[in-house]
Protein chains: 2
Amino acid sequence: MPRPKTSQTRQRIQEAALELFTEQGVRQTSLRQIADRLGLTKPALYYHFESREELVTSLLQPLVDDLDALLAEDEAASEIDARDLLGRYFDVSYKHHALMGLMRQDLPALGEVGFVTRVLGWRRRLTVLLAGPDADTAAQARAIVALGGLADCLVLLAETPVDELREATLDAACAALGPS
Amino acid sequence: MPRPKTSQTRQRIQEAALELFTEQGVRQTSLRQIADRLGLTKPALYYHFESREELVTSLLQPLVDDLDALLAEDEAASEIDARDLLGRYFDVSYKHHALMGLMRQDLPALGEVGFVTRVLGWRRRLTVLLAGPDADTAAQARAIVALGGLADCLVLLAETPVDELREATLDAACAALGPS
DNA sequence: GTCTATAATGAGATAGAC
DNA sequence: GTCTATCTCATTATAGAC
């Protein structure tokens, strides 16, 4: 079983899956629906993916890589500018906005592929970067509002042109963060 | 089939269901698991609830009622104070924090019981109350950050004593909202 | 690389006894 | 009000032909 990690059909399956996951939820989508959308049959999917779980995981991988890289970079920096960090977080989130939407609105379904602890870890690390390791409740709340609000803007203002959305979102998030 | 709307067992089923929904997601929880947790069998559940859907819906009803009432009241008021509105929204959210968590992290599963449009409607109405009916993108983003951030604080700072959490959350949300 | 056919499992739901 | 037993259906997944 060679199953190349990249192929035309494999990619088309991932795209169809992501569309359906976004429309109706991860757990609510069956392999049959994905196959139907592409005019394929279920067994064809199993040629390209070992299991349903591998399909979901492969879909999330690009987001995982980008977010891990972003955090590693910022944690290595000697000093960080809050708006700058939020800006890079916005850019990664926008690049993977469909996946970020799943992460936000369908987390239990992604828990099936062991994603929950990872997501919580990201949020904790981002909060530490924004508020420091020993932040009190007030400072933590400010960081949480900034990060959570940013994610919500991507979902709820998805129709807005990126540049306008980026500035409005960062303004609001930085305001929540307050004077550093 | 009498099936009283309130009974000891019915309530215990609802509590067990909510626990499991919170732990592992709505769609990931089967009637079998709920029954097992109570030392019952599946058919016993069907004496108390017409269907799985009715169980889920009945669970959400108290939140629906409280949130509808809150919005009706504030929309009828001639003038609203932002921090006051957010405070009442915090109180309702805290009262139903487990359900609010589901609404935030498991929305596609609740879409099965026709909940998505309702949730989106609430957020739209709250945004209008906070930012006005003709708000530009910047003002909408501020309201979205305030509301979304508030919800995230309830989930992520759940261990914090209420009073402390309430003040920290409202401070951060109001900061996001900016000067009115 | 995709198909037909089918296995194996578990879900929601019902019938009828107690 | 709860049980045992069963039905129906959809799901993930596999075997083997083309």
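By convention in this document, chain letters (A, B, ...) are assigned in the order of the sequence lines, proteins followed by strands, and residues within each chain are numbered from 1.
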Counting C-beta onward and ignoring hydrogens, is there a side-chain heavy-atom pair between [X] and [Y] closer than 4.5 Å?
X       : Y       : value
L102(B) : L18(B)  : yes
W122(A) : M103(A) : yes
T9(B)   : L38(B)  : no
R125(A) : D68(A)  : yes

Taking only distance into account, with no hydrogens and no angle test, what donor-acceptor pairs under 3.5 Å do side-chain atoms of residues 142-161 of chain B form with protein atoms, sequence neighbours excluded?
| unit_1 | atom_1 | unit_2 | atom_2 | d |
| --- | --- | --- | --- | --- |
| R142(B) | NH1 | A176(B) | O | 2.9 |
| D152(B) | OD1 | R104(A) | NH2 | 3.3 |
| D152(B) | OD1 | R104(B) | NE | 2.4 |
| D152(B) | OD1 | R104(B) | NH2 | 3.1 |
| D152(B) | OD2 | R104(A) | NH2 | 3.1 |
| D152(B) | OD2 | R123(A) | NH1 | 2.6 |
| D152(B) | OD2 | R123(A) | NH2 | 3.2 |
| T160(B) | OG1 | L157(B) | O | 3.2 |

- Message: Checking the side chain of T169(A) only, and the main-chain atoms of R166(A) only, is there a donor and an acceptor separated by less than 3.5 Å?
- Response: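 Pair absent, no side-chain N/O of T169(A) close to backbone of R166(A).
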- Query: When rounded to the nearest 0.5 angstrom, what is the spacing between CZ in F90(A) and CD in E167(A)?
  - Reply: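 One finds 11.0 Å between CZ of F90(A) and CD of E167(A).
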- Of all residues at least two apart in sequence or in a different chain, which pass the salt bridge (charged side-chain N to carboxylate O under 4.0 Å, His left out) check with R83(A)?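 Checked R83(A) against salt bridge (charged side-chain N to carboxylate O under 4.0 Å, His left out); matches are D171(A).
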Can you measure [X] atom [atom1] to [N] atom [atom2] for me and round it to whole angstrom units?
X      : N       : atom1 : atom2 : value
Q8(A)  : dT2(C)  : CD    : P     : 11 Å
Q24(B) : dA11(C) : CD    : P     : 11 Å
F49(B) : dT2(D)  : CZ    : C1'   : 15 Å
H48(B) : dC3(D)  : NE2   : C1'   : 12 Å

- Does dG1(D) have OP1 or OP2 sitting under 4.0 Å from an N or O in the side chain of Y47(B)?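 For dG1(D), OP1/OP2 do have a side-chain N/O of Y47(B) under 4.0 Å.
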- Query: Does a nitrogen or oxygen in the side chain of T9(A) sit under 4.0 Å from OP1 or OP2 of dT2(C)?
  - Reply: yes
- Message: Any carboxylate oxygen within less than 4.0 angstrom of a Lys/Arg side-chain nitrogen, looking at K95(B) and D91(B)?
- Response: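 Salt bridge between K95(B) and D91(B), a charged N being under 4.0 Å from a carboxylate O: no.
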- Item | Check ion pair R10(B)-E50(B) (N to O, under 4.0 angstrom) | no
- Query: Listed in order of residue number, which residues of residues 33-41 of chain A have a non-hydrogen atom at under 4.0 Å from DNA chain C?
  - Reply: G39(A), L40(A), T41(A)
- Message: Please list, in numerical order, the residues of residues 11-19 of chain A that have a heavy atom closer than 4.0 Å to any atom of DNA chain C.
- Response: none
- Could you tell me which residues satisfy side chain to side chain donor-acceptor pair (under 3.5 Å) with Q61(A), sequence neighbours excluded, listed by chain and number? D65(A)
Any protein N or O atoms within reach of nucleotides 12-15 of chain C? Criterion: under 3.5 Å, listing atom names and distances.
| unit_1 | atom_1 | unit_2 | atom_2 | d |
| --- | --- | --- | --- | --- |
| dG12(C) | OP1 | R52(B) | NH1 | 2.6 |
| dG12(C) | OP2 | L31(B) | N | 3.0 |
| dG12(C) | N7 | K42(B) | NZ | 3.1 |
| dA13(C) | OP2 | Y46(B) | OH | 2.6 |
| dA13(C) | OP2 | R52(B) | N | 2.8 |
| dA13(C) | O5' | Y46(B) | OH | 3.0 |

